[in-house]
A.B. asks: 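Handing you a structure now.
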Amino acid sequence: MISLRNVSKAYPTGVSALRNIELEIGKGEFTFLVGPSGAGKTTLLRLLFREEVPTSGSVIVNGHDVGRMRRQQIPYLRRQIGVVFQDFRLLPQRNVAENIAFALRVIEVHPREIRRRVGQVLELVGLTDRATALPAQLSGGEQQRVALARAMVGRPVILLADEPTGNLDPQNAQDMMKILLEINRLGTTVVMATHAAHLVDRARQRVVAMEDGAIQRDALAAAYHEEVSR
Amino acid sequence: MRLRTWAFCLSEASQNLLRNPVLAIASITTTAVSLLVLGVFLLLSVNVNSIATSIESQVAVRAFFAHQTAESQELAELQTVRGWQGVRSASLVTKDQALSQLKKEFGKQGQVLETLGTANPLEDSLSVTAQKPADVKPLAVRLSHLAGIVHTTYQSSVVSRLFALINGVRVVGLAIGVLLLIGSLLVITNAIRLGIAARRREIGIMRLVGATEALVHWPFILEGLILGGIGAVVASGLSFWSYVAVYHDAVHSLPFLPLVSPSPIPRDIALLLLLLGILLGAIGFRISVRRLARI
């Protein structure tokens, strides 16, 4: 589903964000990207939805060679990928249902289909009764669930989450994690960059640890920190 | 794009306009004013041109015969003049023809001439046009030396002054019009840029969820077209209908003034203003689009 071969990324400023990354993520996997700030987690995610292009190496996402893709093809790649950020990025003047529907309106989905799918994702994130509330009337946890619903309403095959629990209290972070695991269980490949050690430790999923733009550790059913053999 | 997608783009564009009504009104007003000024100068120029052409065609040297000159002598002189170099045409205007021409030029007010009854105070004359304006003066001198000619007249100085006036009107009108157009272009561009700034987050989300660039751009293109278009409709309508009103008034009160009829040229000028306004909106978008690419 996702394949990075010898990928490096350097910015014009000379900062080397990624160095010789080799990474394979299979269909339906759940992968944590962990590591300190500046390790390259966000850059790696941005390569996957073609917000950045690699300086060298190849990035293949769901069969698309992202680095060599023509500009006009980018929207079609992004329709297969859902993205959630730490800062939610909701439209403040639109209510919950409109925020979610917006993602489908701009890719020209039929209004009847939009209504149906918005209802489904609201149920998935548990916000059916908040459909007409404005973002400002919601808690942080609820806002992030709206952002997640918007990312999922296009039925992406891949969900990328960049510190999705970074702005949430422990309880809301826990709830968000549950929903992400449920989404993965339903078949979506999930890649989540996070600092939240307790969530990673509890989920027991694949962990890719990064430092200084390189992968330090890649382990299945692992914890946030490397575990010494017991 | 589908119809409902156009509706989406249109609603986004109008939301931008409503978010900043003062700027929208400023854009529309400056566009309307600049196009109106341009239109008025174009109409003025077209009409001054028409008046000058009409006068130019009338610039003939008129050589008047003394009262009761024999017709045979007049015809003989006509033949002589026709043989001169630099003469484009020459004709004999009898006093009866001159009177009926006068009546025609007076239009409805020609009735005053009825008071003359059968008397005709006019003289027979030769009407001679020159090949080049420069030939007019020597021609007049030469005609005055002909036997039987009492006096000669011509109006070349009027024409040269008129042409100078037309050129002046054209240059001033174009300069003012172009300056105003640049001004309104800046205002439109600014309005679109503010719209882009206000919608940064929305544009970012649109791209994130896979909206095509066309869909990202169209609301702003429409915004430019609406701003330029409304201004142009106002300017084009105002200039055309007020011209029609002035024209119909002038036809009755100043029948001898050869104003250009509202169709086709003033109508084409109105259409030109409309196109210019829409173009202004499109260029305004084109200038702002780099802002859009940076989001």
Side-chain angles (χ1 to χ4, degrees), chain A residues 45-46 48-51 62 64 69-85 87-94 98-114 117 121 135 146-162, chain B residues 1-24 191-226 285-286 288-295:
Chain A
L45 288 181
R46 285 164 70 87
L48 300 182
F49 64 99
R50 185 45 167 81
E51 191 63 22
N62 199 22
H64 301 278
M69 182 172 254
R70 296 222 315 271
R71 284 190 74 85
Q72 302 94 296
Q73 293 176 304
I74 298 173
Y76 303 96
L77 167 78
R78 291 188 181 166
R79 291 178 194 186
Q80 299 164 14
I81 303 173
V83 190
V84 186
F85 303 94
D87 60 356
F88 321 143
R89 302 194 188 176
L90 300 178
L91 299 172
Q93 71 279 21
R94 294 175 199 256
E98 286 165 350
N99 261 285
I100 299 167
F102 185 75
L104 294 182
R105 283 183 76 187
V106 301
I107 58 170
E108 306 190 64
V109 174
H110 194 279
R112 202 180 314 124
E113 177 68 8
I114 293 179
R117 288 213 228 159
V121 286
V146 176
L148 182 60
R150 181 180 63 198
M152 290 308 296
V153 77
R155 297 186 176 154
V157 288
I158 300 169
L159 177 69
L160 306 177
D162 191 2
Chain B
M1 290 200 293
R2 297 205 173 90
L3 196 63
R4 63 171 175 272
T5 310
W6 284 111
F8 170 78
C9 291
L10 199 63
S11 96
E12 293 288 300
S14 42
Q15 271 172 34
N16 278 355
L17 294 174
L18 294 177
R19 203 172 334 198
N20 237 316
V22 176
L23 199 59
I192 297 174
R193 281 186 180 173
L194 275 182
I196 291 173
R199 293 186 59 220
R200 285 187 79 84
R201 171 169 287 201
E202 210 165 308
I203 293 165
I205 291 167
M206 283 171 86
R207 291 205 169 118
L208 186 69
V209 298
T212 57
E213 283 303 291
L215 199 87
V216 174
H217 286 178
W218 266 105
F220 298 105
I221 299 177
L222 289 178
E223 191 184 343
L225 295 184
I226 291 171
F285 167 74
R286 193 73 197 78
S288 328
V289 76
R290 274 181 308 170
R291 266 308 140 96
L292 205 52
R294 270 184 252 149
I295 292 175

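Here is the naming used below: chain letters follow the sequence lines, and residue numbers restart at 1 for every chain. Hydrogens, waters and symmetry mates play no part in the numbers below; they use all other heavy atoms, side chains included.
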A.B. asks: For the interface with chain B, which of A:Ile81, A:Val109, A:Val153 has the highest count of heavy-atom pairs at distances below 4.5 Å?
C.D. replies: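 Of the candidates given, the most pairs with chain B belong to A:Val109.
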A.B. asks: Under a 4.5 Å heavy-atom cutoff, which of A:Ala151, A:Gly82, A:Gly154, A:Pro111 has the most pairs with chain B?
C.D. replies: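 Most pairs with chain B among the choices: A:Pro111.
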A.B. asks: Is it the case that more than 12 heavy atoms not belonging to B:Arg286 sit under 6.0 Å from its CZ atom?
C.D. replies: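 It does not: B:Arg286 CZ has 12 such atoms or fewer within range.
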A.B. asks: Could you look at B:Leu215 and say if it's the side chain, the backbone, both or neither that has a heavy atom under 4.5 Å from chain A?
C.D. replies: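 Side chain of B:Leu215 only, per the 4.5 Å heavy-atom cut-off to chain A.
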A.B. asks: Residue by residue, which of residues 69-77 of chain A have a heavy atom closer than 4.5 Å to a heavy atom belonging to chain B?
C.D. replies: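 The residues closer than 4.5 Å to chain B, in numerical order, are A:Pro75, A:Tyr76.
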A.B. asks: How many angstroms lie between CZ in A:Arg89 and CD in B:Glu202, if you round to the nearest 0.5 Å?
C.D. replies: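 Those atoms lie 14.5 Å apart.
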A.B. asks: Taking side chain to side chain donor-acceptor pair (under 3.5 Å) as the cut-off, I'd like each qualifying pair that reaches into residues 3-13 of chain B, sequence neighbours left out, listed once.
C.D. replies: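 Sorted result for residues 3-13 of chain B: A:Arg94-B:Glu12, A:Glu108-B:Thr5, B:Glu12-B:Arg199.
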A.B. asks: Treating A:Arg78 as the side-chain partner and B:Val209 as the backbone partner, does any N or O pair qualify as donor plus acceptor under 3.5 Å?
C.D. replies: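 No.
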A.B. asks: Nearest 0.5 Å, please: how far is CD1 in A:Ile107 from OG1 in B:Thr212?
C.D. replies: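 Reported value, rounded in 0.5 Å steps: 10.5 Å.
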A.B. asks: Between B:Arg201 and A:Leu90, which heavy-atom pair has the shortest distance, and what is it?
C.D. replies: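 Scanning both residues, the minimum pair turns out to be NH1-O, 2.8 Å.
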A.B. asks: Nearest 0.5 angstrom please: A:Phe85 CZ to B:Leu208 CG, how far?
C.D. replies: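 It is 4.5 Å, given to the nearest 0.5 Å.
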